[in-house]
Q: 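I'd like to ask you about the structure that follows.
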Amino acid sequence: MNNSDLHLEIRGKQQEIAVVRLTRPAKRNAINDALVLAIRDVFESLPDTVRAAVIHGEGEHFCAGLDLSELSERDAGQGLHHSRMWHAALERLQYGPVPVIAALHGAVVGGGLELASACHIRVADDTTFYALPEGSRGIFVGGGGAVRIPKLIGAARMTDMMLTGRVFNAQDGERIGMAQYLVPQGQAFDKAFELAVRVAENAPLTNYALMHALPRIAEQPADHGFLTEAMMAAIAQSAPPAKERVRAFLEGRAAKVKKS
Ligand code: 1HE
């Protein structure tokens, strides 16, 4: 990974947390071709020690979406390939080696929302707002948003956002399912990092099942889904970390579930 608009840092005692930062604040972290390829590359080549990742943006906003200054240069065929390039990059993130937690603040718009929706957990602070300005720019989503965003908020809400330019604030965003966590201004990164540390402690096959099996099972007809679930469960529970964790609980060495 070699791009001045994307920064990778590996943190944690065992080098288990990757912190990926969009570092193009002067352009509100708008994503140009080089940056989308850098996002692909970073999730394709995380060090083996990494167990969870956080992605966040430098400056006042998470991400202003597609770099519109590159848009006018493309014909239809190039536009198709450009969209497929975004798909490939965000698939590397969604179906990559580790869960990714997005720390959101300020604008999470257009391709920025598409990027956030490819992550596994979203933590938003009070300054966050969500929009899909593609509708008013005469274009359409092209970074997987048509597939992923309806899964979060429903097709009706996405249609409204694109037809009317509706903007959701942080509170309403959390209420409708854009983010799973809402925290005070300036605290999204710390909360996302804390969650990443927790996620990194899971058995690797549990995280794998949640990232790779669950979204596919959710798309399968029920009878296929039950079979896939059974096979994934059998694989996960036969792995040594699962056996050790269950034994630890039965011997009183593991934490109980506590009322929150
Ligand atoms: C940009 C972009 C961008 C900012 N492409 N340059 N996305 C949008 O339609 C959102 C467009 N951006 C905005 O609505 C606003 O910039 C923000 C709400 C995100 C932030 O506002 P603000 O007042 O903090 O910043 P600004 O003054 O508007 O922008 C600062 C600079 O960033 C300015 O450049 P400068 O050279 O004049 O300083 C802006 O032009 C630049 N900038 N956003 C290029 N998006 C896979 S398909 C996805 C399709 C889409 O994502 S379409 C939606 C695109």
Side-chain angles (χ1 to χ4, degrees), residues 3-6 21-43 55-95 100 102-119 122 124-153 155 157-170 172-173 178-179 185-186 188:
N3 183 301
S4 60
D5 296 332
L6 195 70
R21 187 162 70 248
L22 305 171
T23 51
R24 208 181 173 218
K27 295 291 178 189
R28 306 315 185 239
N29 298 318
I31 300 177
N32 57 20
D33 286 2
L35 185 48
V36 82
L37 291 175
I39 292 170
R40 179 198 65 188
D41 292 348
V42 83
F43 288 102
I55 185 164
H56 68 137
E58 194 169 303
E60 298 297 302
H61 302 282
F62 174 69
C63 177
L66 176 71
D67 186 326
L68 292 168
S69 68
E70 289 187 351
L71 189 66
S72 56
E73 308 298 326
R74 287 185 206 108
D75 65 20
Q78 290 166 328
L80 176 73
H81 291 300
H82 176 262
S83 173
R84 299 297 288 150
M85 177 176 74
W86 273 67
H87 293 164
L90 296 188
E91 272 187 38
R92 291 313 300 151
L93 186 164
Q94 182 178 3
Y95 297 117
V100 182
L104 307 177
H105 73 296
V108 181
V109 304
L113 180 51
E114 295 184 287
L115 168 62
S117 68
C119 298
R122 283 156 295 282
D125 85 1
D126 277 344
T127 69
T128 307
F129 57 97
Y130 308 90
L132 290 169
E134 289 90 336
S136 49
R137 311 253 182 260
I139 55 177
F140 190 57
V141 283
V147 171
R148 295 191 181 99
I149 296 170
K151 292 194 205 308
L152 298 180
I153 63 169
R157 287 201 184 93
M158 180 171 172
T159 305
D160 178 24
M161 289 175 81
M162 294 197 68
L163 284 177
T164 68
R166 182 170 182 172
V167 179
F168 282 97
N169 66 22
D172 288 339
M178 293 281 198
Q185 178 172 359

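Everything numeric in this text was worked out from a predicted model, so none of it was measured. Note that ligands are numbered from 1 as they come in the structure, with each ligand's atoms numbered from 1 the same way.
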Q: Apply the test side chain to side chain donor-acceptor pair (under 3.5 Å) to residues R84 and H81: give CA-CA distance (whole Å), side-chain angles for both, the deciding distance (0.1 Å), then the verdict.
A: CA-CA 5 Å; R84 299 297 288 150; H81 291 300; over 6 Å; no
Q: Could you tell me whether D172 and R157 have a side-chain N and a carboxylate O separated by less than 4.0 Å?
A: no
Q: Closer than 4.0 angstrom: is that true for some heavy atom of E114 and an atom of ligand 1?
A: yes
Q: Test of understanding: given a 4.0 Å heavy-atom threshold, classify the contact between I139 and ligand 1 as side chain, backbone, both, or neither.
A: side chain
Q: Within the protein, is there a heavy atom lying under 4.0 Å from atom 50 (C) of ligand 1?
A: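 Yes.
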Q: How many angstroms lie between atom CG of L132 and atom CE of M162, to the nearest 0.5 angstrom?
A: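 The CG atom of L132 sits 5.5 Å away from the CE atom of M162.
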Q: What pair of heavy atoms forms the shortest contact from A103 to F62, and how long is it?
A: O-CD1, 3.6 Å
Q: Under 4.0 Å from a heavy atom of G110: give me the atoms of ligand 1 that qualify, with their elements.
A: 51 (O)
Q: Quick one: does atom 3 (C) of ligand 1 have a protein heavy atom under 4.0 Å from it?
A: yes
Q: In the protein, what heavy atom is nearest to atom 19 (C) of ligand 1, and what distance, to one decimal place, separates them?
A: A64 CB, 3.5 Å
Q: Determine whether any heavy atom of K27 lies closer than 4.0 Å to an atom of ligand 1.
A: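 Right, K27 reaches ligand 1.
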Q: Yes or no, since that's all I need: does a protein heavy atom fall within a distance strictly under 4.0 Å of atom 9 (O) of ligand 1?
A: yes
Q: Determine the minimum heavy-atom distance between P133 and G110, stating which atoms define it.
A: CD-N, 3.6 Å
Q: Quick one: which ligand 1 atoms are inside 4.0 Å of a heavy atom on G142?
A: 46 (C), 47 (S)
Q: Given the rule in the side chain to side chain donor-acceptor pair (under 3.5 Å) test, do N29 and H61 qualify, once you have shown the distances and angles that lead to the verdict?
A: CA-CA 7 Å; N29 298 318; H61 302 282; over 6 Å; no
Q: Using a distance threshold of 4.0 Å (strictly less than), state whether atom 45 (N) of ligand 1 has a protein heavy-atom neighbour.
A: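 Yes.
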Q: Look up atom 34 (O) of ligand 1 and tell me if a protein heavy atom lies less than 4.0 Å from it?
A: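 Looking at atom 34 (O) of ligand 1, one finds that a protein heavy atom does lie closer than 4.0 Å.
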Q: Could you tell me whether K27 and D5 have a side-chain N and a carboxylate O separated by less than 4.0 Å?
A: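 Between D5 and K27 there is no salt bridge, as every charged N stays at least 4.0 Å from the carboxylate O atoms.
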Q: Judging by distance only, is a nitrogen or oxygen of L68 under 3.5 angstrom from one on ligand 1?
A: yes
Q: Does the protein place any heavy atom closer than 4.0 Å to atom 31 (C) of ligand 1?
A: yes
Q: So which protein heavy atom does atom 52 (S) of ligand 1 come closest to, and at what separation?
A: E134 CG, 3.4 Å
Q: Quick one: look at H61 and ligand 1, take heavy-atom pairs under 4.0 Å, and tell me if it's side chain, backbone, both or neither.
A: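 Within the 4.0 Å criterion, H61 contacts ligand 1 through side-chain atoms alone.
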Q: Kindly compute the distance separating CZ (F43) from CG (D41), expressed to the nearest 0.5 Å.
A: 11.5 Å
Q: Quick one: which ligand 1 atoms are inside 4.0 Å of a heavy atom on D67?
A: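 Listed by number with element: 5 (N), 44 (C).
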Q: If you count the non-hydrogen atoms of other residues, nucleotides and ligands that lie under 6.0 Å from CD in E60, is the total more than 12?
A: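 No - once you tally the heavy atoms of other residues, nucleotides and ligands closer than 6.0 Å, there are 12 at most.
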Q: For the pair V109 and R28, evaluate side-chain contact (heavy atoms from CB on, under 4.5 Å) and give the outcome as yes or no after the intermediate values.
A: CA-CA 10 Å; V109 304; R28 306 315 185 239; over 6 Å; no
Q: Taking only heavy atoms of G65, which atoms of ligand 1 are found under 4.0 Å from at least one of them?
A: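 Counting atoms of ligand 1 from 1, those under 4.0 Å from G65 are 51 (O).
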Q: Counting from 1, what ligand 1 atoms have a heavy atom of L66 closer than 4.0 Å?
A: 3 (C), 5 (N), 45 (N), 48 (C), 49 (C), 50 (C), 51 (O), 54 (C)
Q: Determine whether the side chain, the backbone, both or neither of E60 has a heavy atom under 4.0 Å from any heavy atom of ligand 1.
A: neither
Q: Does R28 reach ligand 1 with a nitrogen or oxygen that is under 3.5 Å from one of the ligand's nitrogen or oxygen atoms?
A: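 So ligand 1 has an N or O lying under 3.5 Å from an N or O of R28.
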Q: Which ligand 1 atoms are under 4.0 Å away from a heavy-atom of G143?
A: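 Every atom of ligand 1 under 4.0 Å from some heavy atom of G143: 46 (C).
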Q: How far does NE2 of H56 sit from OG1 of T23, to the nearest 0.5 angstrom?
A: 9.5 Å
Q: Indicate, as side chain, backbone, both or neither, the part of A107 found under 4.0 angstrom from ligand 1 when only non-hydrogen atoms are considered.
A: side chain
Q: Just verifying a value: how many Å separate L68 CG and R137 CZ, rounded to the nearest 0.5 Å?
A: 6.0 Å
Q: Does atom 13 (C) of ligand 1 have a protein non-hydrogen atom under 4.0 Å from it?
A: no
Q: Within the distance-only criterion (no hydrogens, no angle test), does the side chain of R122 pair as donor or acceptor with the backbone N or O of A116 below 3.5 angstrom?
A: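 At least one qualifying donor-acceptor pair exists.
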Q: At a 4.0 Å cut-off, with the gap strictly under it, does some heavy atom of A26 reach an atom of ligand 1?
A: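 For ligand 1, residue contact (heavy atoms, under 4.0 Å) with A26 is present.
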Q: Quick check: does F129 get an N/O under 3.5 Å from an N/O on ligand 1?
A: no
Q: For atom 53 (C) of ligand 1, which protein heavy atom lies nearest, and how many Å away is it?
A: P133 CG, 3.9 Å
Q: Using a 4.0 Å cutoff against the non-hydrogen atoms of A30, which atoms of ligand 1 qualify?
A: 2 (C), 3 (C), 5 (N), 45 (N)
Q: To the closest 0.5 Å, what do you measure between CG (L104) and CG (D125)?
A: 8.5 Å
Q: Can you measure from CG (L22) to CD1 (I39) and round to the nearest 0.5 angstrom?
A: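 One gets 5.5 Å once the value is rounded to the nearest 0.5 Å.
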Q: What atoms in ligand 1 come closer than 4.0 Å to a heavy atom of R137?
A: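 Checking each atom against R137, I get 8 (C), 9 (O), 10 (C), 11 (C).
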Q: May I ask you to test the I31-W86 pair for a side-chain heavy-atom distance under 4.5 Å?
A: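 Yes, their side chains come closer than 4.5 Å.
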